[in-house]
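Have a look at the structure below before the remarks.
Values below: all heavy atoms of this structure, side chains included; hydrogens, waters and symmetry mates excluded. Whatever order the structure lists them in is the order used to number ligands and atoms, beginning at 1. Keep in mind that this is a model prediction, so the values were computed, not measured.
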Amino acid sequence: MSRIRKAVFPVAGLGTRFLPATKAIPKEMLPVVDRPVIQHVFDEARSAGIEHFIFVTGRNKGVIEDHFDIAFELDRTLKDRNRASDLAELARDLPMAGTTSFTRQQEPLGLGHAVWCARDLVGDEPFAVLLPDMLHQSPTPCLKSMMDAQAEYGGNFIGVYAVPEDETHRYGIVDVGTGPKSALPIRQMVEKPPQGTAPSNLAISGRYILSPKIFDLLGSQTRGAGGEIQLTDAMVALQQSEPFFAHVFDGRVHDTGTKLGFLTANIAYALDHAELGGELRAALRQLL
Ligand code: G1P
C-alpha cells in the first residue's frame with residue numbers, strides 16, 4: 001500500500017446520547033477544555049502527516065465547516081485589539097486552504113454507509129478513518145504510530161484497546177494471534193457481540209487504516225448490528241483477501257460520546273494543560 005494522505009471523519013451522527021446539549025450544536029463541537037472535540041481529532045490526523053481531511057457531515061452540521069474556515073470579522077477584531085496570541089492560536093488550528101472536503105451522508109444508515117459516502121473523495125488509495133467521539137490521549141498521536149506500523153507491515157490496520165468484559169457489547173471486538181503489540185494479526189472481528197459472547201476484550205477504538213477495496217464491499221453491505229450498515233462487517237469481508245492487523249493503542253482512550261467519558265476527557269486533558277493543570281488539581285482536591 002502507498003502513503004496514507006487522506007483521512008475521513010464521519011461527523012453525521014445526531015448525538016442523541018447527549019441531548020439536550022446537542023439539540024442545536026453538533027456533538028463534535030462540544031469543547032474538551034478549550035477546543036471542540038473535532039479539533040482534537042483533526043490535530044491528531046494532521047500531526048500524523050495527513051494532507052487531506054474529508055468530513056462526512058449531515059444536516060445541522062454546517063458549523064463544523066465554519067469552524068475550519070477563517071472567521072474574517074473575528075480575525076479583524078482581534079487584530080484591532082492587538083490580541084496576537086489569540087490570533088496565532090486560531091491560525092494554528094486552521095487547515096491549509098484547499099485541504100478539506102465536506103460531503104453529506106443524507107440518511108443515518110450507519111458508520112459503514114458514512115465511510116462509503118467518502119468513496120469519490122478518497123479515490124483509489126489507502127486512507128485513514130478517525131471517529132471523532134473517541135479521543136486518543138498520548139504523547140505520540142495514535143494515528144501516527146499506526147501509520148508507522150502500517151508502513152512497516154503493509155495491510156489494513158485497526159486501533160484497539162482493552163475494555164472491561166462487561167462493556168464489550170458496546171464496541172467492535174477483535175480476536176488476535178501472536179505478534180508485536182503494534183501489529184497483531186487479526187483472526188476474527190465482530191461488531192457489538194451480545195454480552196458474554198465476545199471473543200476477547202480488545203475493542204475497536206475508532207482509528208482505522210483501510211484499503212480502498214473496502215468501498216466496493218460497503219456498497220453491497222447488508223445491514224448488521226442495530227439495523228445499520230456496519231464498517232466492521234465490510235472489514236470482515238475484506239479480510240478474505242487482505243491482511244488485517246490490530247494496533248494496541250499505548251495511551252488513554254476517552255469515549256466522549258458518553259456523558260462520563262466526555263467529563264473524564266475534560267478533566268484528563270485539563271490536568272495535562274500547561275496553564276490549567278495545577279489549579280484544577282487543587283480545585284478537584286477541594287471538591288473531593
Ligand atoms: C463504532 C464502531 C465500533 C467501535 C466504536 C468505537 O461504533 O462500529 O466497532 O468499537 O465505534 O466508538 P458506534 O460507537 O458508532 O456504535
Return the residue, atom name and 0.1 Å-rounded distance of the protein heavy atom closest to [atom].
atom: atom 8 (O) of ligand 1; result: E191 OE2, 2.8 Å
atom: atom 12 (O) of ligand 1; result: M134 SD, 3.3 Å
atom: atom 13 (P) of ligand 1; result: K192 NZ, 3.6 Å
atom: atom 4 (C) of ligand 1; result: I204 O, 3.4 Å

Should the proximity of [X] to ligand 1, defined as any heavy atom under 4.0 Å, be assigned to the side chain, the backbone, both, or neither?
X: L131; value: side chain
X: R170; value: neither
X: T232; value: side chain

I'd like to check the side chain to side chain donor-acceptor pair (under 3.5 Å) partners of R5; sequence neighbours left out, ordered by chain and number.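 So R5 forms a side chain to side chain donor-acceptor pair (under 3.5 Å) with E125.
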
Of all the atoms in ligand 1, which lie at a distance below 4.0 Å from a heavy atom belonging to G172?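 Matching atoms, with element in brackets: 3 (C), 4 (C), 9 (O), 10 (O).
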
Under 4.0 Å from a heavy atom of Q230: which atoms of ligand 1 are those, numbered in the order shown and with their elements?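 Every atom of ligand 1 under 4.0 Å from some heavy atom of Q230: 8 (O).
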
I need the minimum non-hydrogen distance between V33 and N266, along with the two atoms involved.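 Smallest heavy-atom distance, with atoms named: N-OD1, 2.6 Å.
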
- Task: Can you confirm whether something in the protein, heavy atoms only, sits under 4.0 Å from atom 16 (O) of ligand 1?
- Result: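 Yes, there is one.
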
query: Does atom 10 (O) of ligand 1 have any protein heavy atom closer than 4.0 Å?
result: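 Yes, there is a protein heavy atom closer to it than 4.0 Å.
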
What I want to find out is whether [X] reaches [Y] closely enough, with some N-O distance under 4.0 Å, to be called a salt bridge.
X: R223; Y: E228; answer: no
X: K144; Y: D148; answer: yes
X: R35; Y: D43; answer: yes
X: R170; Y: D255; answer: yes

Q) Got a sec: does the NZ of K213 have more than 12 other heavy atoms crowding it under 6.0 Å? A)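 No, not enclosed.
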
Checklist entry - Around atom CD of Q106, are there more than 12 heavy atoms of other residues, nucleotides or ligands at under 6.0 Å? => result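 No - once you tally the heavy atoms of other residues, nucleotides and ligands closer than 6.0 Å, there are 12 at most.
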
Identified ring pair (Phe, Tyr, Trp, His ring centres under 6.0 Å) counterpart of F68 within the set F53, F102, F55 =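 Going through the options one by one, the only one that passes is F55.
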
Can you find an N/O atom of Y171 closer than 3.5 Å to an N/O atom of ligand 1?
->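 By distance alone, the answer is no.
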
Contact check: L111 vs ligand 1, nitrogen or oxygen atoms, below 3.5 angstrom =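 In fact, backbone or side chain, L111 has no N or O that close.
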
